[in-house]
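Just so you know, residue 1 is the first one in the sequence shown, and it goes up from there. What you see is a predicted model; the values in this text were computed from it and never measured.
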Amino acid sequence: QAQLVESGGELVQVGGSLRLSCAASGRTFSPYAVGWFRQAPGNLREFISNIRWSTGDAAYADSVKGRFTISRDHAKNTVYLQMNNLKSEDTAVYYCAAAPKYLSTSGDAYDSWGQGTQVTVSS
């Protein structure tokens, strides 16, 4: 399975923007979908967005619709999460993961999780 590495998280002010990257290593990377999740301290892991690798079709959680955009670059084996109009509630560790067989908002459908990148949104 692929190794995924998230990057791009940092401290940003409310209303600001960040772009997170999820880079996959390995000889082959052809998942059914790639998803972004986040987890704040004391909270459960939350689905943010996913994208079908083959088609680019994307889905978003209601909490980020209109603010976040997921995309992928096949040539770079990389998935991005563009985050605009950031809110304090967006503060969390952000994870990407690959879904080998199904399109789902549940983390149970994903494997090859990265180690996460911290996003902190200050008021």
Side-chain angles (χ1 to χ4, degrees):
Q1 61 183 25
Q3 302 287 330
L4 303 183
V5 179
E6 302 93 339
S7 63
E10 60 184 65
L11 176 65
V12 64
Q13 290 182 289
V14 169
S17 298
L18 286 173
R19 189 179 75 162
L20 306 184
S21 297
C22 172
S25 63
R27 290 189 174 185
T28 61
F29 185 65
S30 186
Y32 190 87
V34 175
W36 282 98
F37 297 78
R38 68 188 182 190
Q39 187 167 23
N43 292 345
L44 297 175
R45 183 178 58 200
E46 176 188 13
F47 167 79
I48 301 168
S49 178
N50 60 21
I51 185 168
R52 283 191 62 183
W53 191 249
S54 62
T55 67
D57 293 340
Y60 301 90
D62 289 341
S63 60
V64 305
K65 282 182 179 178
R67 300 190 298 120
F68 291 10
T69 303
I70 191 171
S71 61
R72 88 278 196 242
D73 187 330
H74 283 111
K76 297 181 179 179
N77 287 344
T78 300
V79 175
Y80 303 97
L81 185 69
Q82 178 66 46
M83 306 186 296
N84 299 325
N85 301 316
L86 284 162
K87 305 175 180 179
S88 296
E89 305 90 88
D90 296 319
T91 295
V93 177
Y94 284 70
Y95 301 90
C96 66
K101 297 181 179 180
Y102 307 103
L103 184 66
S104 177
T105 60
S106 171
D108 293 340
Y110 296 80
D111 61 13
S112 302
W113 292 81
Q115 293 300 303
T117 186
Q118 176 71 50
V119 173
T120 303
V121 184
S122 64
S123 60

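In the hydrophobic clustering of ILVMFWY residues, with side-chain heavy atoms under 4.5 Å counting as a link, F47 and Y95 come out together.
The shortest side-chain heavy-atom distance between Y60 and R67 does not fall under the 4.5 Å cut-off. Contact annotation: the side chain of L18 approaches that of E10 to within less than 4.5 Å [non-hydrogen atoms, C-beta and beyond]. The shortest side-chain heavy-atom distance between V119 and M83 falls under the 4.5 Å cut-off. In this structure the side chain of F29 reaches within 4.5 angstrom of the side chain of L4, judged on heavy atoms. Within the 4.5 Å cutoff, side-chain heavy atoms of S88 are placed close to those of V14. Using a 4.5 Å heavy-atom cutoff, the side chains of V79 and W53 are in contact.
Closest heavy-atom contact between S17 and Q82: CB-NE2, 4.0 Å. Taking every heavy atom of both residues into account, W113 and A97 meet most closely at CD2-CB, 3.4 Å. The nearest pair of heavy atoms linking A109 to S104 is CB-CB, 3.6 Å. A pairwise comparison of heavy atoms in A98 and P31 identifies CB-CB, 3.9 Å as the closest pair. When all heavy atoms of S49 and L81 are compared, the pair lying nearest together is CB-CD1, 4.4 Å. Taking both residues in full, the closest heavy atoms of A58 and I70 are given as CB-CG2, 3.4 Å, listed atom of the first, atom of the second, then distance.
The CD atom of Q3 sits 7.0 Å away from the OG atom of S112 when rounded to the nearest 0.5 Å. Summarising the geometry, atom CD1 belonging to I48 is positioned 10.5 Å from atom SG belonging to C96; distances are rounded to the nearest 0.5 Å. Here F68 contributes atom CZ and N84 contributes atom CG; the two are 8.5 Å apart, rounded to the nearest 0.5 Å. Rounding to the nearest 0.5 Å gives a distance of 14.0 Å between NZ of K76 and SG of C22. Atom OG1 of T78 is separated from atom CG of L20 by 12.5 Å, given to the nearest 0.5 angstrom. Taking CD1 from I51 and OH from Y80, the interatomic distance works out to 11.5 Å, rounded to the nearest 0.5 Å.
Ring geometry for Y110 versus F37: interplanar angle over 60°, hence perpendicular rather than tilted (30 to 60°).
If you run side-chain contact (heavy atoms from CB on, under 4.5 Å) between Y94 and each of Q39, R38, Q118, E46, only R38 comes through.
A salt bridge does not link K87 to D90: none of the charged nitrogens lies less than 4.0 Å from a carboxylate oxygen.
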Hey, mind stepping through S25 and V5 against side-chain contact (heavy atoms from CB on, under 4.5 Å) and telling me if it holds?
-> CA-CA 8 Å; S25 63; V5 179; 6.0 Å; no

